[in-house]
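Accompanying notes for the structure given below.
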2 protein chains.
Amino acid sequence: MSEVESFFKSAFSVDNVIFGFDGGDLKILLIQRGAAPYRGKWALPGDLVYPNEDLDTAAERVLEQLTGLRGVYLEQVRTFGAVDRHPLGRVITIAYFSLIKISDYTVTPASFAQSAKWHSVSKVGELAFDHNEILDSCLKRLKRKVRMAPIGFELLPPKFTLTELQLLYEAILAPPKGIDKRNFRKKILSTNLLHDLNEVQEGVAHRPAKLYQFDKDKYEQLVAVGYSFDI
Amino acid sequence: MSEVESFFKSAFSVDNVIFGFDGGDLKILLIQRGAAPYRGKWALPGDLVYPNEDLDTAAERVLEQLTGLRGVYLEQVRTFGAVDRHPLGRVITIAYFSLIKISDYTVTPASFAQSAKWHSVSKVGELAFDHNEILDSCLKRLKRKVRMAPIGFELLPPKFTLTELQLLYEAILAPPKGIDKRNFRKKILSTNLLHDLNEVQEGVAHRPAKLYQFDKDKYEQLVAVGYSFDI
DNA sequence: TGCCTTTGTGTCTTTGCAGCACAATAATAA
DNA sequence: TTATTATTGTGCTGCAAAGACACAAAGGCA
């Protein structure tokens, strides 16, 4: 094999850490591998990138094939390329994470996922390939990003209570002493990005909470004028 | 060509944004391309990744071939993989940045750089490929990272004055109104990571400044106990 | 009607950041 | 030797944001 040929005997894939939130725990969607290598092991959903496909597109495709969802929040994190990371050849992988509303995910529509299941990130065991390392990277990125951009809302239903929002932040950031309710509300409301819907929860056995909605248009207007979210 | 073969008809490269600081401007090292495509254009130093080479290693190799330097600060930033980003085929590239002491760089030791030259980042023109976009990403990353980790010192000589350090931060962060001298000194000295050498500048036509040195050992001890640099 | 659970709210203290001016030091020129 | 020039080194005062903290109000349920 010529040197030039050997350069091209390599491939790249995308792996996607798909985050969801069930009201208590931060979760990720894992698939159980049906084929070697690592048959039977849990792994991040991923696939080789098609020759004429952009990287982001490939990550979107992986997500859609697994969940049927399109247009969700997606972010590239970093690339893993250790020579021996894939037993069958030189495959580097570009890691992404996405944020979906867990209620939108119904059932596996497709294909390569014999079984897909939500796992609490705090209880993820040993994964195939270098996927634990990839997960760590993506989780770190999420922790940083969720404070610098209003992406947490991608994990919540359109209407939510302030308590739900706080639980989400606590699940992601896992601060040692929790978050102070009054200070959290003060800070989040002072952004003026939450729209008070003048509706309340129904069917709860206690004082019902008010429902809010994230005002994306307003956020984008502010960003255009130099605003930067910080929580 | 079979589908499997076509998956493997692709390659990956690394591109390295090499930052230096000359006391006033933040600079990057660019090479002028001697071959098509983009012959004659300035470009980031980069190369294909060898089949049996890790990504970080490839980035280090590119740097060493160009500067002769080893063991410098290096960080992966992100991966660029648009289908049409390379005119000759599907080549995705993993972008890195490195920080070197500009005085350590003497002359081009090697090879693929017909001419390498420092360019002020503020005066970089149109580059080959998508290298302007890559540069933007790396610069943004540097701006963020230099505030979260004591990496600025990688760009300065071992002994430096507080004014030099401040000029470096101003060159990187380019804050609208400059940085206040007293507040900067207060903050940087309060980290207790600068070792006062009890030496002063010599041969300057004004009051000589004290020389300091970054205490890397101390920093690493603190990090091990949960400290996080923030400036 | 009373009980249970969760929501919603204000104040005080502490900490960090921004803004600001002038005397001390060394080289150089007169 | 003295004056000039350039740059260093230093402290205080608001102001804004963050952290700590407790209790009445609302609704379902027994």
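A, B, ... follow the sequence lines: proteins, then strands. Residue 1 opens every chain.
As rounded to whole Å, 13 Å separates atom P of C/dG16 from atom CD1 of B/I231. Here the C1' atom of nucleotide D/dC21 and the NZ atom of A/K177 are 14 Å apart, to the nearest Å. For the pair A/Q201 CD and C/dT5 C1', the interatomic distance rounds to 12 Å; values are reported in whole Å. Between the CZ atom of A/F184 and the P atom of C/dT9 there is a distance of 15 Å, given to the nearest Å. When the C1' atom of C/dG8 is taken as reference, atom CD1 of A/I188 falls 16 Å away, rounded to whole Å. Atoms CG (B/L211) and P (D/dT8) sit 12 Å apart, rounded to a whole Å. Atoms CG (B/D196) and C1' (D/dT8) sit 13 Å apart, rounded to a whole Å. Distance B/E202 CD to D/dT8 P: 16 Å, rounded to the nearest Å.
Looking at the side chain of B/N183, the nearest of the listed nucleotides C/dG8, D/dG11, D/dA20 is D/dG11.
Residues passing the side chain to side chain contact (heavy atoms under 4.5 Å, CB included) test with B/D130, sequence neighbours excluded: B/F80, B/R85, B/E133, B/I134.
Results of the side-chain contact (heavy atoms from CB on, under 4.5 Å) test with B/I18 over B/V72, B/I102, B/I100, B/L74 single out B/I100 as the only residue that passes.
Counting all heavy atoms, side chain and backbone alike, A/P150 lies closest to A/F229 at N-CD2, 3.6 Å.
Sorted by first and then second residue, the side chain to side chain donor-acceptor pair (under 3.5 Å) pairs involving residues 220-231 of chain A (not counting sequence neighbours) form an empty list. Residues in residues 200-212 of chain B take part in these salt bridge (charged side-chain N to carboxylate O under 4.0 Å, His left out) pairs, two or more places apart or across chains: B/D196-B/K210.
With hydrogens and angles left out, the side chain of B/D180 and the base of C/dC20 share a donor-acceptor pair within 3.5 Å. Side-chain to base pairing of B/K186 with D/dG9: no donor and acceptor N or O lie closer than 3.5 Å to each other.
For the segment residues 159-170 of chain A, the set of residues with a heavy atom within less than 4.0 Å of an atom of DNA chain C comprises A/T163, in numerical order.
Rounded to 10 degrees, the angle between the two end axes of the helix from C/dT1-D/dA30 to C/dA30-D/dT1 is 0°, with five pairs used at each end.
Looking at B/Q76, its side chain does come within 3.5 Å of a backbone N or O of A/T79 through a donor-acceptor pair. Between the B/S120 side chain and the B/S122 main chain, no donor and acceptor come within less than 3.5 Å of each other. Distance alone, capped at 3.5 Å, places no donor-acceptor pair between the B/T161 side chain and the B/L211 backbone.
Between B/E75 and B/R141 there is a salt bridge, since a side-chain N of the basic residue sits under 4.0 Å from a carboxylate O of the acidic one.
Using modelled atom types, one finds no donor on one side chain facing an acceptor on the other under 3.5 Å when comparing A/R33 with A/S115.
At a threshold of 4.5 Å between non-hydrogen side-chain atoms, the residues A/R78 and A/Y96 do not count as touching.
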Heavy-atom contacts, protein to nucleotides 22-30 of chain D, under 4.0 Å, summarised as B (base), S (sugar-phosphate only) or - (none) per nt, yield B--BBBS--

